[in-house]
Amino acid sequence: MKIDKVLSLLSLATKAGKIVSGEFSTEKAIKTNKAALVIVADDASDRTKEMFKNMCDFYEVNMYCYADKESLGHSIGKQDRASLAVTDEGLAKSIEKQINIMLHSEDKNGGNI
C-alpha cells in the first residue's frame, strides 16, 4: 500500500492543532482569514464544492479537491469530513506542494498514481 503523504501531513497538522474541519468551521476560518489552505473531498456534493470554490476565490485562499470524505476524516482522527482548512502557512505550503506532486504524477501516469 502506497503511503499518501498529503494525508500524513494532514494528520501531522491535526496533532499540531492547525486543522479545522466541517463546513461551518471551515467557512469561519476562511471568512476570518485564518485559513491558509482549504481541502474539499472529491466526493463532496457539487453544491459544497462550488460554495467553497467561490468563497476561496473571494477571500484568496487556495482550495483543492482531494481524497474522499472517509480518507480526509480518518487522516484527522474524525468521522467523514467533506471540508477542512489548514490554519498554518508553513504546513499549508507543504501540503500544497505534495498535492501538486501527486497531481503531476497522475498526469504522467495517465491518471493513475
Side-chain angles (χ1 to χ4, degrees):
M1 180 179 184
K2 187 173 180 176
I3 295 173
D4 188 323
K5 291 182 182 178
V6 174
L7 296 178
S8 295
L9 284 169
L10 288 173
S11 178
L12 179 70
T14 301
K15 290 174 184 155
K18 303 298 180 180
I19 295 281
V20 295
S21 67
E23 187 173 327
F24 297 112
S25 296
T26 302
E27 184 176 342
K28 183 178 178 184
I30 295 167
K31 290 181 175 179
T32 59
N33 294 315
K34 292 183 178 161
L37 175 68
V38 172
I39 299 177
V40 178
D42 282 330
D43 59 347
S45 72
D46 290 338
R47 178 196 140 316
T48 298
K49 289 179 188 175
E50 187 67 24
M51 179 191 74
F52 280 112
K53 180 190 176 308
N54 291 337
M55 197 180 309
C56 287
D57 286 348
F58 182 81
Y59 288 94
E60 298 179 354
V61 177
N62 289 343
M63 184 198 107
Y64 291 90
C65 289
Y66 189 81
D68 56 42
K69 292 180 200 176
E70 183 179 3
S71 297
L72 282 182
H74 181 73
S75 72
I76 63 170
K78 307 266 186 193
Q79 295 294 322
D80 295 1
R81 288 292 187 260
S83 64
L84 58 84
V86 181
T87 59
D88 180 82
E89 197 68 43
L91 284 167
K93 286 181 181 180
S94 296
I95 292 167
E96 197 167 355
K97 180 180 176 184
Q98 286 301 318
I99 289 173
N100 286 322
I101 289 170
M102 299 285 275
L103 294 175
H104 186 68
S105 70
E106 284 180 6
D107 292 342
K108 279 188 168 184
N109 294 325
N112 296 320
I113 296 177

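None of these values were measured; they are calculated from a predicted model.
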*asked:* Are the side chains of Gln98 and Ile101 in contact, using a 4.5 Å heavy-atom criterion?
replied: yes
_Met51 vs Glu23, test: side chain to side chain contact (heavy atoms under 4.5 Å, CB included). Steps then yes/no._
CA-CA 10 Å; Met51 179 191 74; Glu23 187 173 327; 3.6 Å; yes
_Neighbour count above 12 (heavy atom, 6.0 Å) for Asp57 CG_ = yes
*Assess whether side chain to side chain contact (heavy atoms under 4.5 Å, CB included) is satisfied between Ile39 and Ile95, documenting all intermediate values.*
CA-CA 10 Å; Ile39 299 177; Ile95 292 167; 4.0 Å; yes
*Are Ile99 and Val40 connected in the hydrophobic side-chain network, where two residues link if heavy atoms are under 4.5 Å apart?*
no
_Once rounded to the nearest 0.5 Å, what's the spacing between atom CD of Glu96 and atom CD of Glu89?_
9.0 Å
*Look at atom NZ of Lys34 and say whether more than 12 heavy atoms of other residues, nucleotides or ligands are closer to it than 6.0 Å.*
no
*Hey, does Leu37 have a side-chain heavy atom less than 4.5 Å from the side chain of Tyr64?*
yes
*Side-chain touch Thr26/Ile30, heavy atoms, less than 4.5 angstrom*: yes
Listed pairs under 3.5 Å, donor-acceptor, residues 12-21 side chains, sequence neighbours left out:
unit_1: Thr14; atom_1: OG1; unit_2: Leu10; atom_2: O; d: 2.9
unit_1: Ser21; atom_1: OG; unit_2: Arg81; atom_2: NE; d: 2.9

*asked:* Once side chain to side chain contact (heavy atoms under 4.5 Å, CB included) is applied, do any residues pair with Ser94, and if so which ones, sequence neighbours excluded?
replied: Leu9
*Judged by modelled atom types alone, do Ser8 and Ser11 share a side-chain donor-acceptor pair under 3.5 Å?*
no
*Can you name the residues that form a side chain to side chain contact (heavy atoms under 4.5 Å, CB included) with Asp42, not counting sequence neighbours?*
Cys65
*Any donor and acceptor pair, going by atom type alone, linking the side chain of Ser25 with main-chain N or O of Gly22 inside 3.5 Å?*
no
*asked:* To the nearest 0.5 Å, what is the distance between NE2 on His74 and CD on Glu70?
replied: 8.5 Å
*For Ala44, does its backbone N or O pair with a side-chain atom of Thr48 as donor and acceptor, under 3.5 Å?*
no
_Under a 3.5 Å distance rule, please check whether Asp43 uses its side chain to pair with a backbone N or O of Lys69 as donor and acceptor._
yes
_Could you list the cluster mates of Phe24? Members are the ILVMFWY residues connected by side-chain heavy atoms closer than 4.5 Å, either directly or through other members._
none
*Show the numbers, then the answer: is there a side chain to side chain contact (heavy atoms under 4.5 Å, CB included) between Val61 and Met55?*
CA-CA 8 Å; Val61 177; Met55 197 180 309; over 6 Å; no
_Nearest 0.5 Å, please: how far is CG in Asp80 from CG in Asp68?_
8.0 Å
_Checking Glu27 now: which residues fulfil salt bridge (Lys or Arg N to Asp or Glu O under 4.0 Å) with it, not counting sequence neighbours?_
Lys31
*Taking the side chain as every heavy atom from C-beta outward, state whether Val38 and Asn62 have any pair of such atoms under 4.5 Å apart.*
no
*asked:* According to side chain to side chain contact (heavy atoms under 4.5 Å, CB included), who are the partners of Asn54, at least two apart in sequence or on a separate chain?
replied: Glu50
*Just wondering, do Leu7 and Tyr66 contact through their side chains at under 4.5 Å, heavy atoms?*
yes
*Atom CG in Leu84, atom CZ in Phe52: separation rounded to 0.5 Å?*
9.5 Å
